[in-house]
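Data first, discussion second: the structure below is written as structure tokens.
Values below: every heavy atom of this structure, side chains too, minus hydrogens, waters and symmetry copies.
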Amino acid sequence: MSIPRNPTEQQRNFFQEVHEVVRLVPQGRVTTYGAIAHYLGARHGARMVGWAMMAAHTANEYVPAHRVINRNGLLTGKHHFATPTAMQEALETEGVTVVEDQVQDFKTRFWDPAVELE
DNA sequence: AACGTGACTTAGT
DNA sequence: CACTAAGCCACGT
């Protein structure tokens, strides 16, 4: 996949919404693509959230993309970082233990915007 | 325009 | 518990 060369207005808004939520994830906590999709109204699938994350590195403001993982606590997006280990290292710097691409104690690390932001 | 593919998820077998 | 199918939606070929 790739991000549009010339994003439409709607696409830019969508990217911004997703990035905005991701920026609200506290240090040392993680969330999932599905949770973000649900928080934004589920008007698009979790896949679209993942798609929006590809534009994270081009965003004007910093987006902690390493805090977004799949619903099983797996670092499915690690290959989109500068290096294959960047995502895990960023998480461990925040105190999140990762073993074999799996976030340990995921259930208590999970941060659901739909709940936390009410 | 059909088809494959993907930072996903849920339901069915 | 694992594996598959299907829903999802945008994009490149």
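- Residue contacts for A:A65: at a heavy-atom cut-off of 4.0 Å it reaches a base atom on one of the strands shown.
- Under a cut-off of 6.0 angstrom, the local environment of CG in A:D105 is crowded, with over 12 non-hydrogen atoms contributed by other residues, nucleotides or ligands.
- The interatomic distance linking A:M48 (CE) with C:dC8 (P) rounds to 12 Å, in whole Å.
- The neighbour count for A:H44 NE2, taken as heavy atoms of other residues, nucleotides or ligands under 6.0 Å away, is above 12.
- Proximity of A:Q11 to the phosphate of C:dC9: no side-chain N or O atom is located under 4.0 Å from OP1 or OP2.
- For A:P4, counting side-chain heavy atoms from C-beta on, the closest listed nucleotide (C:dC11, B:dC8, C:dA10) is C:dC11.
- Following rounding to the nearest Å, A:F14 (CZ) and B:dC8 (P) show an atom-to-atom distance of 13 Å.
- Comment: A:R12 engages A:E9 in a salt bridge, judged by a side-chain N to carboxylate O separation of less than 4.0 angstrom.
- Remark: A:Q16 CD is loosely packed, at most 12 non-hydrogen atoms of other residues, nucleotides or ligands lying under 6.0 Å away.
- A:S2 has a side-chain polar atom (N or O) that falls below the 4.0 Å cut-off from OP1 or OP2 of C:dG12.
- Residue A:E94 is tested with A:Q27, A:R67, A:R29 for a side chain to side chain donor-acceptor pair (under 3.5 Å); the sole match is A:R67.
- For the OP1/OP2 pair of B:dC8 and a distance below 4.0 Å, the side-chain nitrogens and oxygens of A:T32 include no atom meeting the criterion.
- The distance from atom CD1 of A:I36 to atom CD of A:E17, rounded to the nearest 0.5 Å, is 11.5 Å.
- Below 30°, between 30° and 60°, or above 60°: for A:H19 and A:F15 the angle between ring planes is below 30°, a parallel geometry.
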Q: Begin from the C-alpha positions of A:L24 and A:W111 and carry the test side chain to side chain contact (heavy atoms under 4.5 Å, CB included) through to its verdict.
A: CA-CA 10 Å; A:L24 296 176; A:W111 184 89; 4.0 Å; yes
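- Of the residues in residues 79-88 of chain A, those with a non-hydrogen atom less than 4.0 angstrom from any atom of DNA chain B are A:H80, A:F81.
- Side chain of A:M53, nearest nucleotide from C:dA10, B:dA7, B:dC8: B:dA7.
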**Q.** Pair A:E116-A:Y39, side chain to side chain contact (heavy atoms under 4.5 Å, CB included): steps then yes or no
**A.** CA-CA 10 Å; A:E116 308 288 342; A:Y39 176 70; over 6 Å; no
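- Rounded to whole Å, atom P of C:dC9 lies 21 Å from atom CD1 of A:I3.
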Could you list, one pair per line, each protein nitrogen or oxygen that sits under 3.5 Å from a nitrogen or oxygen of nucleotides 10-13 of chain B, together with the distance?
unit_1, atom_1, unit_2, atom_2, d
B:dT10, OP2, A:R71, NE, 3.3

